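First the structure, in the form of structure tokens, and then the observations on it.
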Amino acid sequence: MTDPTRSTTPAPPAGARTDAVRRHDPAARGFASDNYAGVHPEVLAALALANGGHQVAYGGDDYTAHLQEVFRRHFGPTAEVFPVFNGTGANVTALQAVTERWGAVICAESAHINVDECGAPERVGGLKLLTVPTADGKLTPELIDRQAYGFDDEHRAQPQVVSITQTTELGTCYTPEEIKAVCDHAHQLGMAVHLDGARLSNAAASLGVPLARFTTEAGVDILSFGGTKNGLLLGECVVVLSPERVRALPHLRKLSMQLASKMRFVSVQFEALLAGDLWLRSAEHANAMARRLDAAVRGIDGVRVMRPVQSNAVFAMLPRHVSERLQKRYRFYFWDESTGEVRWMCAFDTTEDDVDGFAAAVAEEMAAGA
Ligand SMILES: Cc1ncc(COP(=O)(O)O)c(C=O)c1O
């Protein structure tokens, strides 16, 4: 075990005392998820800054008011931001705001809203999901057409929104042109476009363009903007880009149990992330660590990288018994139990040494398993 006193976590402020006891090794990191990472020290500092005194609850605070301006700098003058607790909540709230009771959502079969939200869009949002299999997690106009029909049919849930994920659940990244093609097509058919941007910063870092280029300028109407996976304690935002297509967001946020009473502490984290370049620095770093890992494991006999590495994830195939042994040393998940494909995620705090150590462990276990 590494020495916990070598932590990079800031010490509690002088004079603060706590009865809590540290119960983990703060220097231990794995490749399971960017959610496994802690809080970026700059975000922790911002939380401390927002503490003390009383502020109006439920979003009437000064931090949330200022956040509107911060998001408009990135997404343009029509953007309106609604902080929420988590990504599932952001997605379910946003999707309800662009659909009616008889509405349906077209999405990739691999979409988080379809596979990883416990049916919340269906049960909490009351929405029918119309899914399409994809090769790489990305929808195209042609793929959308597999579900975009029956607009006059009272028997069919009505496709009213297309939901895409950037970066996708498979670690791939839409180009701005690909998103624009999706938006143009959806709009021609009278549908809105929602973007699940749990890793939107990783996409901007990967593409090397501003956030607006592949959202506002491409025609996205509403998006879920992720913070937790990029160094926040918790929090995501619903960002409205086309107010004319969106209704009742404040009511839907509360109805969906996503209205934080102490919202200043969610908002100040996003200010810390987006007022400067923390969002980009952290995402660029996580992506760079994934590229380093990709390069390191590609050279190992018997390891196959399965998908383009365009964000902070590496998907790989190696013998199942080797993965299982490796899991005793480092945390990571099987992405597809049936095929044995694994997913290795990097985070803002993944170090080069972490990557090199992990790649060496992969090589050792492959050699031992041969
Ligand atoms: C693509 C995507 N969307 C949304 C989420 C948000 O999920 P949560 O509700 O856990 O914050 C995740 C988290 O894994 C995700 O990967």
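We count ligands from 1, going down the list as the structure has it; atoms in each ligand are counted the same way. Keep in mind that what you see is a predicted model, and the values were worked out from it rather than measured.
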Could you identify the single nearest non-hydrogen protein atom to atom 6 (C) of ligand 1 and state the distance to 0.1 Å?
Gly87 CA, 3.4 Å

Glu236: heavy atom below 4.0 Å from ligand 1, yes or no?
no

Tell me whether ligand 1 is touched by Thr165 - counting only heavy atoms on the residue side and a distance under 4.0 Å.
yes

Do Leu211 and Leu278 belong to the same hydrophobic cluster, where Ile, Leu, Val, Met, Phe, Trp and Tyr are linked whenever their side-chain heavy atoms lie under 4.5 Å apart, directly or via other members?
yes

Name the closest protein heavy atom to atom 14 (O) of ligand 1, giving the residue it belongs to and the distance to 0.1 Å.
Lys229 NZ, 2.9 Å

Between the main-chain N or O of Gly137 and the side-chain N or O of Thr134, is there a donor-acceptor pair closer than 3.5 Å?
yes

Considering the heavy atoms of Glu169, write down every atom of ligand 1 situated less than 4.0 Å from one of them.
1 (C)

Among all protein non-hydrogen atoms, which one is nearest to atom 7 (O) of ligand 1, and what is the separation to 0.1 Å?
His112 CE1, 3.5 Å

State whether Phe82 and Arg253 meet the cation-pi test: NZ (Lys) or CZ (Arg) under 6.0 Å from the six-membered ring centroid, and within 45° of the perpendicular axis.
no

Parallel, tilted or perpendicular: rings of Phe358 and Phe31 (30°, 60°):
parallel

Pair Thr88, Asn91 - check side-chain hydrogen bond (donor to acceptor under 3.5 Å, both in side chains), show working.
CA-CA 5 Å; Thr88 300; Asn91 287 339; 5.9 Å; no

With no hydrogens and no angle check, is any side-chain donor or acceptor of Gln269 less than 3.5 Å from a backbone partner on Phe265?
yes

Find out if a path of hydrophobic residues (ILVMFWY) with successive side-chain heavy-atom gaps under 4.5 Å connects Leu273 to Val39.
yes

Restricting to heavy atoms, the pick from Thr228, Thr88, Asn91, Asp34 nearest atom 10 (O) of ligand 1 would be Thr88

Look at atom 3 (N) of ligand 1 and say which protein heavy atom is nearest, naming residue and atom and giving the distance to 0.1 Å.
Asp196 OD2, 2.7 Å

Close-contact set for ligand 1 against Arg199 heavy atoms, below 4.0 Å
16 (O)

